[in-house]
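Computation of the quantities below employed the complete heavy-atom set of this structure, encompassing side-chain atoms and omitting hydrogens, waters and symmetry-equivalent molecules. A quick note: this is a predicted structure, and the numbers were derived from the prediction, not measured. Residue numbers begin at 1 in each chain, while the letters A, B, ... track the order of the sequences.
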Amino acid sequence: MNVKDRIAEVVESALRSAAADGVLGPVDLPSAKIEYPREEKHGDYSTPVALESARVLKKSPLEIGAVLKPYIERSELADSVEVVKPGFINIFLSPEFLFSRMEDVLGEGDSYGRQAKPIPRRVNIEFVSANPTGPLNIVSARAAAVGDTLANLLEACGDIVEREFYVNDFGNQVILLGRSVLCRYRELEGIEMEFPEDGYHGEYVRDIAAHIRDNYEREVNAIASEEALIDFMAGRAVEYNVSGQKRDLERFNVNFQRWFRESVLHADESVEETLRTLVELGVIYEEEGKKVFRSTDFGDDKDRVVVRDDGRPTYLLADISYHRNKKERGYDLIVDIWGPDHHGYISRLAGAMKALGCPDEAFRVLIAQQVNLVMDGEMVKMSKRLGRFSTMRELIDEIGIDVARYFFIMRSMESHLDFDLALAKRQSSENPVFYLQYAHARICSIFREAEKRGFAYDAAGRDASRLRNPEALALLKLLARFPEEIADAAAAFEPHRIASFLMRLAQAYHRFYTEHRVLAEDQVEANSNLALCDCVRIVMKNGLGLLGVSAPEKM
RNA sequence: GCGCCCGUAGCUCAGCUGGAUAGAGCGUCGGACUUCGAAUCCGCAGGCCGCAGGUUCGACUCCUGCCGGGCGCGCCA
């Protein structure tokens with residue numbers, strides 16, 4: 001159990017004991033709220049339970065606090081407890097307790113921060129899912145970084161997570177891609193052909209055409225009808241794009257367990273079956289030869305067509321079918337991360353999930369907001385069809401994996417992000433990523449130095465009294481908080497919290513380093529300092545690992 | 001017109017399910033290396049938290065209405 005939960009337990013049991021002793025009326029609180037005070041002088045943890053229960057208990061918050069104080073003070077975690085001003089109960093952790101946390105860090109090592117769950121949830125998280133019509137763009141890169149980190153966080157909390165990519169390899173856009181490629185193919189053969197009006201204009205389409213000519217020329221020549229030819233081109237182009245996307249993602253440290261093809265749902269009649277299910281549920285009606293899903297019953301502002309009057313299913317039906325498939329795989333939680341242009345789509349799909357009997361809390365759609373790529377202060381607009389876009393690959397080539405991942409993760413995913421490519425590259429030496437990595441490398445360097453000097457580091461030789469200075473205590477507090485930061489970030493689906501936590505940790509470390517000579521003359525002091533450094537190194541490495549950022553030993 | 005996201009320091013953004021005197025990075029300016037990595041540290045400056053009401057012990061946070069920016073509002077995917 002992490003420290004925050006333990007504090008909550010202490011406060012809750014204080015309330016119960018006080019009630020049992022008859023010094024306080026019974027209060028019905030689901031769980032005690034525990035906060036981090038903004039200011040140091042207000043303690044390490046703080047709880048407003050006295051304020052919140054004042055009305056029910058018909059006592060002033062300060063009175064309630066005074067009653068609870070001795071009960072809380074009994075805990076070994078607390079050094080002292082203060083009841084102040086409006087009625088906050090502030091708890092100061094005991095240095096001995098903090099010092100004892102180091103055992104966890106050193107003992108658990110690489111797995112410190114990870115928590116087991118008695119009953120792990122099976123979670124499916126689908127993200128990126130870019131159309132297979134071209135290379136991945138910057139928004140996909142953001143989704144990739146955020147989604148993968150979120151998956152890491154859920155795993156660290158003891159869930160079993162599957163990362164999934166949905167490939168929309170079906171429908172008009174694929175045909176359009178096929179036509180665009182065919183056009184470029186003909187061009188290579190010196191044959192003029194009118195380019196489709198809404199076709200894909202990007203240079204990469206020429207690459208695909210060349211790739212097909214190099215590898216499948218014989219097959220192409222054997223195909224008679226233009227329709228079949230377009231189909232063939234489309235199929236090859238999709239494979240080309242998907243494998244390219246896969247390669248870029250792997251390079252970005254993002255590995256999907258499952259690549260799910262939309263075409264499969266059409267081929268194995270899942271789509272029709274889903275329609276039948278919906279009809280049986282009574283949520284489908286017919287109108288002018290079309291089949292319409294009564295999504296307004298589930299909070300949508302308009303009913304949605306799922307089968308056109310010519311019998312072809314719409315994208316929505318396929319998507320419902322896809323999510324039904326996911327639901328039937330038995331996950332406890334299904335998470336989708338979508339782009340900002342799909343937010344209007346949430347209610348209809350969530351409605352369908354509800355109709356299919358999926359509980360609200362088992363399906364969650366997150367929106368990764370837009371990314372404005374800024375180049376020297378100027379906004380670069382992206383449009384795949386017009387062929388003007390910067391790819392994820394270009395981004396990584398420019399600034400590297402670590403910087404890219406960190407930049408995407410350090411902001412909350414709901415915020416619109418201005419990504420200044422030139423800035424990220426130009427100022428790379430003053431980059432926050434390097435600040436974190438430097439803290440890690442610095443520690444590694446100290447251990448190398450210790451070895452060079454022939455100092456025999458022994459963590460068991462550490463002594464609590466040597467770490468009572470403010471800088472060391474600040475570090476110890478942060479180290480103790482790491483597991484709860486992970487739990488909180490995962491519960492809120494907010495990976496960026498880990499980034500800011502690591503920033504604070506690095507800051508605290510650099511401060512400690514400046515104030516104290518780690519390799520002190522005194523053996524006990526040196527061992528104590530090194531043990532603390534080792535703990536920081538472990539947490540920094542584990543934290544960066546969650547973000548998918550490397551923790552170099554030298555820079 | 002309707003819906004969603006955003007509006008916080010010069011810039012980019014945090015602010016934990018409503019909490020105490022609103023923070024960080026970058027940028028500006030001024031300090032700190034003969035000693036473990038100065039890719040660092042310390043300090044100064046910088047704010048009617050878009051505007052106006054409301055809810056309560058308490059609002060950057062929740063509600064309503066405006067203003068401004070972005071994105072959606074397909075029988076495209």
Between CD1 of Ile346(A) and C1' of G72(B) the distance, given in whole Å, is 11 Å
Using a cut-off of less than 4.0 Å, is there contact between a side-chain N or O of Thr514(A) and OP1 or OP2 of C41(B)?
-> no
Could you tell me whether Lys326(A) atom NZ has more than 12 heavy atoms of other residues or ligands within 6.0 Å of it?
yes
Can you give me the N/O atom pairs linking the protein to nucleotides 1-4 of chain B at distances under 3.5 Å, or say none if there are none?
{"from": "G3(B)", "atom 1": "N2", "to": "His343(A)", "atom 2": "NE2", "distance (Å)": "2.7"}
{"from": "C4(B)", "atom 1": "O2", "to": "His343(A)", "atom 2": "NE2", "distance (Å)": "3.4"}

Between Leu316(A) and Ser500(A), whichever has its closest RNA chain B nucleotide further toward 5' is Ser500(A)
**Message:** At less than 3.5 Å, do the side-chain atoms of Asn90(A) and the base atoms of A20(B) form a donor-acceptor pair?
**Reply:** yes
Rounding to 0.5 Å, atoms CG (Leu478(A)) and CG (Leu473(A)) come to a distance of 11.0 Å
Checklist entry - Considering only heavy atoms and no angle criterion, is a donor-acceptor pair shorter than 3.5 Å present between the side chain of His510(A) and the base of C41(B)? => result no
Is a donor-acceptor contact shorter than 3.5 angstrom present between the side chain of Arg517(A) and the base of U35(B)? yes
The salt bridge (charged side-chain N to carboxylate O under 4.0 Å, His left out) partner of Glu485(A) among Lys4(A), Arg504(A), Arg497(A) is Arg504(A)
Check: So, does Asp169(A) use its side chain to make a donor-acceptor pair with the main chain of Glu262(A) at under 3.5 Å?
Finding: yes
Tell me if the CD atom of Glu451(A) is crowded by more than 12 foreign heavy atoms within 6.0 Å.
no
side-chain N/O Ser412(A) vs A14(B) OP1/OP2, d < 4.0 Å = yes
_Once you apply a heavy-atom cut-off of 4.0 Å, does Val174(A) come out as touching a base, just sugar-phosphate, or nothing?_
nothing
Review point. Does a side-chain N or O from Gln507(A) land closer than 4.0 Å to OP1 or OP2 of G25(B), or not?
Key: yes
Phe92(A) and Tyr45(A): aromatic ring centres closer than 6.0 Å?
-> no
- Kindly say whether the aromatic ring centers of Phe447(A) and Tyr457(A) come within a distance under 6.0 Å. yes
Stems field, RNA chain B, Watson-Crick or wobble, 3.5 Å, at least 3 pairs, by first number, holds B:1-7 with B:67-73, B:10-13 with B:23-26, B:29-32 with B:40-43, B:50-54 with B:62-66
* What about Thr314(A): does its side chain form a donor-acceptor pair under 3.5 Å with the base of A77(B)? -> no
Side-chain atoms of Arg411(A) come closest, of C13(B), G19(B), G37(B), to C13(B)
Ranking G15(B), C16(B), A77(B) by distance to the side chain of Tyr36(A), first place goes to C16(B)
- Query: Looking only at side-chain N and O atoms, does Tyr509(A) come under 4.0 Å of OP1 or OP2 in C41(B)?
  - Reply: no
Rounded to whole Å, CZ of Arg442(A) lies from P of A38(B) at a distance of 5 Å
request  = Evaluate whether the aromatic ring of Tyr435(A) and the six-membered ring of the A39(B) base sit under 5.5 Å apart, centre to centre, with an inclination under 30°.
outcome  = no
Phosphate OP1/OP2 of U21(B): any Lys41(A) side-chain N/O under 4.0 Å: no
Separation of C36(B) atom P from Glu515(A) atom CD, nearest Å, is 16 Å
#### Entry: Ring-face cation contact, Tyr513(A) with Arg442(A), 6.0 Å cut, 45° max
yes
Does a side-chain N or O of Arg511(A) approach OP1 or OP2 of C42(B) to a distance below 4.0 Å, or not? yes
For His42(A) and A20(B), is the gap between ring centres under 5.5 Å while the planes differ by less than 30°?
yes
Rounded to whole Å, CZ of Arg38(A) lies from P of C16(B) at a distance of 9 Å
Atom CZ of Arg504(A) and atom P of G25(B) are separated, to the nearest Å, by 12 Å
Output yes when at least one side-chain N/O atom of Arg497(A) is less than 4.0 Å from OP1 or OP2 of C13(B), else no. no
CD (Gln245(A)) and OH (Tyr240(A)) are apart, to the nearest 0.5 Å, by 12.0 Å
key: Ser415(A) side-chain N/O to A14(B) phosphate OP1/OP2 under 4.0 Å   = yes
Against the side chain of Ile446(A), the closest entry in C71(B), C36(B), A77(B) is C36(B)
Quiz item: Just checking, any donor-acceptor pair under 3.5 angstrom between side chains of Tyr166(A) and Asp336(A)?
Solution: no
Taking the C1' atom in each of G46(B) and G37(B), what is the distance between them to the nearest angstrom?
32 Å
* Roughly how far apart, to the nearest Å, are G65(B) and A22(B) at atom P? -> 30 Å
